[in-house]
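Notes for the one structure printed next.
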Amino acid sequence: MNAEIIRERIDAAMKKAGRNDKVYFTAVSKTRTVDEMKEAEKISWVDFFGENRVQEGEAKRKVYGDSRISWRLIGHLQANKARKAIETFDTIDSVDSIELSERLNRIAGELGRIVPVLIEVNTSGEASKSGVEPENFNALLENVAGHENLRLDGLMTVGPITDDEREIRSSFAELRGLLEDARTRTGLELPILSMGMSGDFELAILEGSTMIRVGTLLFGPRDYSKH
Ligand SMILES: *Cc1c(COP(=O)(O)O)cnc(C)c1O
């Protein structure tokens with residue numbers, strides 16, 4: 001695991017950004033074994049695991065045992081898997097529609113839970129990306145913030161697939177703008193701005209990210225053939 005190099009790069013980016021607040025680290029554990037995840041848990045500054053599929057997360061969590069780390073769902077969630085998602089994960093970072101928000105709130109209520117969530121926004125304009133479109137963001141924000149069984153903690157986005165740093169930064173800056181706007185509109189603290197992955201986390205930190213989600217750089221290349 002490349003922990004030391006990652007830590008140095010995070011610290012350097014924070015310094016360059018003139019920041020001394022905290023950036024949370026989500027170890028993206030999709031396709032990784034439970035043993036690999038336990039190794040990652042030993043790294044003191046790994047704050048969360050991130051999984052993108054409900055089924056995979058459920059299977060691993062069943063056998064994982066006790067963990068100091070909470071598990072986040074970072075992949076697209078189909079409404080019909082909402083119950084399983086709430087039962088499996090501590091937080092849902094990919095709320096992207098009113099239908100899903102309604103359903104999560106109802107099920108959380110049935111289970112007597114208050115579920116922390118992020119709204120995922122498609123800031124890249126890429127059709128293949130999940131996340132609410134920016135023009136529909138305010139309606140979804142109002143819906144999520146109005147639900148008593150959901151606790152809105154912030155926003156998430158996946159940056160565009162490009163080498164153009166300006167384009168990547170402008171996508172992250174857009175999310176930061178939406179977050180600042182959302183704070184004003186809702187009066188909520190909204191501490192989490194989840195953006196930045198293996199290829200672009202330094203740019204995300206420069207644009208104010210408070211949570212990066214790193215898989216490849218920590219664990220090595222993913223092997224999807226095993227899944
Ligand atoms: C896979 C994934 C990541 C991590 O990607 P890497 O490039 O492996 O760091 C981050 N966020 C989401 C939503 C993902 O699906």
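In listed order, ligands and their atoms are each counted from 1. Both backbone and side-chain heavy atoms feed into the values below; hydrogens, waters and symmetry mates do not.
For ligand 1 and V214, the ligand atoms under 4.0 Å from any heavy atom of the residue are 9 (O). For ligand 1, the atoms lying closer than 4.0 Å to a non-hydrogen atom of G215 are 4 (C), 6 (P), 8 (O), 9 (O). Within the listing of ligand 1, atoms 1 (C), 2 (C), 3 (C), 4 (C), 10 (C) sit less than 4.0 angstrom from a heavy atom of V28. Every atom of ligand 1 with a heavy atom of T216 under 4.0 Å away is listed here by number and element: 6 (P), 7 (O), 8 (O), 9 (O).
The shortest N or O to N or O distance between M156 and ligand 1 is not under 3.5 Å. Considering backbone and side-chain atoms alike, R213 places an N or O below 3.5 Å from some N or O of ligand 1.
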Derivation and outcome, salt bridge (charged side-chain N to carboxylate O under 4.0 Å, His left out), residues R169 and E165 = CA-CA 6 Å; R169 285 188 70 151; E165 293 199 353; over 6 Å; no

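Considering only non-hydrogen protein atoms, atom 1 (C) of ligand 1 sits nearest to K30 NZ, 1.4 Å. The shortest contact between atom 5 (O) of ligand 1 and any protein heavy atom is with M197 CE, 3.5 Å. When hydrogens are left out, the protein atom nearest atom 9 (O) of ligand 1 is S198 OG, 2.5 Å; that is the closest non-hydrogen contact.
Side-chain contact of S194 with R213: a donor-acceptor pair under 3.5 Å is present, judged by distance alone.
For the pair I74 and ligand 1, a heavy-atom separation below 4.0 Å is found.
Not a single donor-acceptor pair under 3.5 Å links the side chain of E142 to the backbone N or O of A139. When atom types are taken as modelled, the side chain of K30 and the backbone of G57 share no donor-acceptor pair closer than 3.5 angstrom.
Here OH of Y24 is found 12.0 Å from OG of S209. Values are rounded to the nearest 0.5 Å. Taking CD1 of I205 as the reference point, atom CD1 of I212 lies at 4.5 Å (rounded to 0.5 Å).
Relative orientation of the F89 and W71 rings is tilted, given thresholds of 30° and 60° on the angle between their planes.
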